[in-house]
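In what follows, every heavy atom counts, from backbone to side chain, and hydrogens, waters and symmetry copies are set aside. Residue numbering restarts at 1 for every chain, and letters A, B, ... go by the order of the sequence lines. These figures come from a predicted structure and were not determined experimentally.
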Amino acid sequence: MAHENKYEEKLIEALKDRPDIEMHADLANNVIQRIEVKEIGESMVRTRVLWFANVAFLVAAVVSILIFIDFNTLFKVSEYLPWIGVTIATIGGWTLVEKRFSHHNRSTI
Amino acid sequence: MSTNFDGDKALVAAVLNGNRLALHQLIDQHQRLVTTMIHRIIDNPMDREELCQDIFLKVYDKLDEFKFQSKLSTWIATIAYRAALNHLNKKKVDFSELDNIAYQMGIENDKAEVDDFTAFVHKLIDQLPIQYRNVLTLYYVEGFSYPEIVEITNMPEGTVKNYLYRAKEKLRNLTEPYLNTELEGYGPRK
């Protein structure tokens, strides 16, 4: 029994001893570097998406206004309401896209 | 580097606010845990380093999902364990059964190795099947409790205990003859 206990003790002591493993040098710096590269890439994509969204919505808004003016000369005021709706939806959509791509940025120190 | 974020909550909050020093501290604090786990599972040293980096990238990406329902180290160990298993699955590594493992170590021929009992035991652990190695490492080296190991490995508690018992028995059978000489005075085991 004493032998058993002594053996158990010795084995567990060896098991608990941390194996001699070499730590990767600069792991934290390498990870942070990769995160920064990734965030720069994401930021560039975000900027491009925002730019295209801006242009697209601007074009849509101009087209809507032109259609609105044209219809204004052809139809009565009650007919203009759908185009006012389109304009509001365009501006609203643009705002939503900008919000979607502007949040969740943890890159600032 | 002088960083001082006391407690998991302060550290996580600082990382989420974009504090790079906090992120550095988080990685430094858990590097040994992740490296030890990966070392036990992955054989290729190049793969190990890349996987360690991938794990901390994943930790950073998912940190806003961590709700403090467990310790931060348990959560990170869970990510590390799953990433390592996914890596092995991609490499199509065979998860051999304990009893089918052939222990080819030249125990008798390498007296110096047996003299350093701890190194000898760890070398034997490296030859155990992955799930046994892991459970042993998590329980003895990292000091995780049974419920924490269940959370990390997603195995039932009974299986964890069984793996631990069987792995220890296997180690006992392999090392006992060599330990008898060290434990002189207690006499040889019958």
Side-chain angles (χ1 to χ4, degrees), chain A residues 1-54 93 95-109, chain B residues 1 15-21 23-28 31-32 34-36 38-40 45 48-50 52-57 59-61 63-64 116-126 136-137 139-143 167-168 171-172 175-176 179-180 182-183 185-189:
Chain A
M1 196 62 199
H3 180 281
E4 284 277 344
N5 291 341
K6 191 79 184 167
Y7 176 77
E8 186 83 9
E9 213 174 273
K10 186 89 183 164
L11 179 63
I12 288 172
E13 193 184 301
L15 283 170
K16 280 184 176 171
D17 216 335
R18 198 170 273 282
D20 191 19
I21 296 170
E22 197 184 326
M23 293 294 121
H24 306 301
D26 273 345
L27 179 71
N29 286 331
N30 290 338
V31 171
I32 289 171
Q33 214 168 19
R34 279 180 65 181
I35 287 170
E36 278 167 0
V37 167
K38 199 175 153 217
E39 282 178 349
I40 289 168
E42 281 172 359
S43 165
M44 282 169 71
V45 169
R46 202 161 39 229
T47 309
R48 273 187 201 165
V49 169
L50 271 178
W51 190 85
F52 279 113
N54 271 323
T95 310
L96 282 178
V97 168
E98 191 170 73
K99 266 194 171 176
R100 166 69 183 83
F101 287 98
S102 299
H103 84 303
H104 195 67
N105 188 0
R106 295 191 234 142
S107 61
T108 48
I109 298 179
Chain B
M1 185 165 298
V15 175
L16 288 175
N17 280 329
N19 189 320
R20 290 287 187 248
L21 296 180
L23 179 59
H24 207 290
Q25 184 179 323
L26 184 142
I27 295 169
D28 284 346
Q31 176 176 2
R32 193 164 281 280
V34 171
T35 310
T36 309
I38 297 306
H39 186 92
R40 283 272 187 252
R48 282 179 194 156
E49 181 156 11
E50 201 178 327
C52 281
Q53 289 186 17
D54 290 346
I55 287 164
F56 281 111
L57 279 176
V59 165
Y60 177 75
D61 279 342
L63 200 59
D64 51 359
D116 182 354
F117 186 67
T118 303
F120 176 58
V121 167
H122 283 289
K123 193 145 194 179
L124 285 173
I125 293 173
D126 285 341
L136 277 175
T137 307
Y139 189 78
Y140 287 109
V141 181
E142 303 301 339
K168 219 167 71 177
L171 287 177
R172 172 194 286 268
T175 56
E176 204 163 19
L179 207 59
N180 275 335
E182 236 182 271
L183 301 176
Y186 292 94
R189 198 171 141 75

Quick check for you: to the nearest 0.5 Å, what is the distance between B:Gln53 atom CD and A:Gln33 atom CD?
9.0 Å
Quick one: closest heavy-atom pair of A:Arg34 and B:Glu50, and the distance?
NH1-O, 4.2 Å
Does the side chain of B:Val34 come within less than 4.5 Å of A:Leu27's, by heavy atoms?
no
CD of A:Glu42: more than 12 outside heavy atoms within 6.0 angstrom?
yes
Hey, could you give me the NZ/CD1 distance between B:Lys168 and A:Ile12, rounded to the nearest 0.5 Å?
4.5 Å
B:Gln31 CD: over 12 foreign heavy atoms closer than 6.0 Å
yes
Where does B:Val121 contact chain A at under 4.5 Å (heavy atoms): side chain, backbone, both or neither?
side chain
With sequence neighbours left out, write down each residue that passes salt bridge (charged side-chain N to carboxylate O under 4.0 Å, His left out) with B:Arg32, or none if nothing qualifies.
none
Answer whether the closest heavy-atom distance between the side chains of A:Val31 and B:His24 falls below 4.5 Å.
no
Atom OH in B:Tyr139, atom CG in A:Leu15: separation rounded to 0.5 Å?
11.0 Å
Which bit of B:Leu171 comes within less than 4.5 Å of chain A, counting heavy atoms only: side chain, backbone, both or neither?
both
Between B:Leu26 and chain A, with a heavy-atom cut-off of 4.5 Å, which part of the residue counts as in contact: side chain, backbone, both or neither?
neither
Return the OH to NZ distance between B:Tyr60 and A:Lys38, rounded to the nearest 0.5 Å.
8.5 Å
Side chain, backbone, both or neither: which part of B:Asp126 has a non-hydrogen atom closer than 4.5 Å to chain A?
neither
Rounded distance [0.5 Å steps], CD1 in B:Ile27 versus CD1 in A:Ile32:
5.0 Å
Here the gap from A:Glu13 atom CD to B:Thr118 atom OG1, rounded to the nearest 0.5 Å, amounts to 6.5 Å
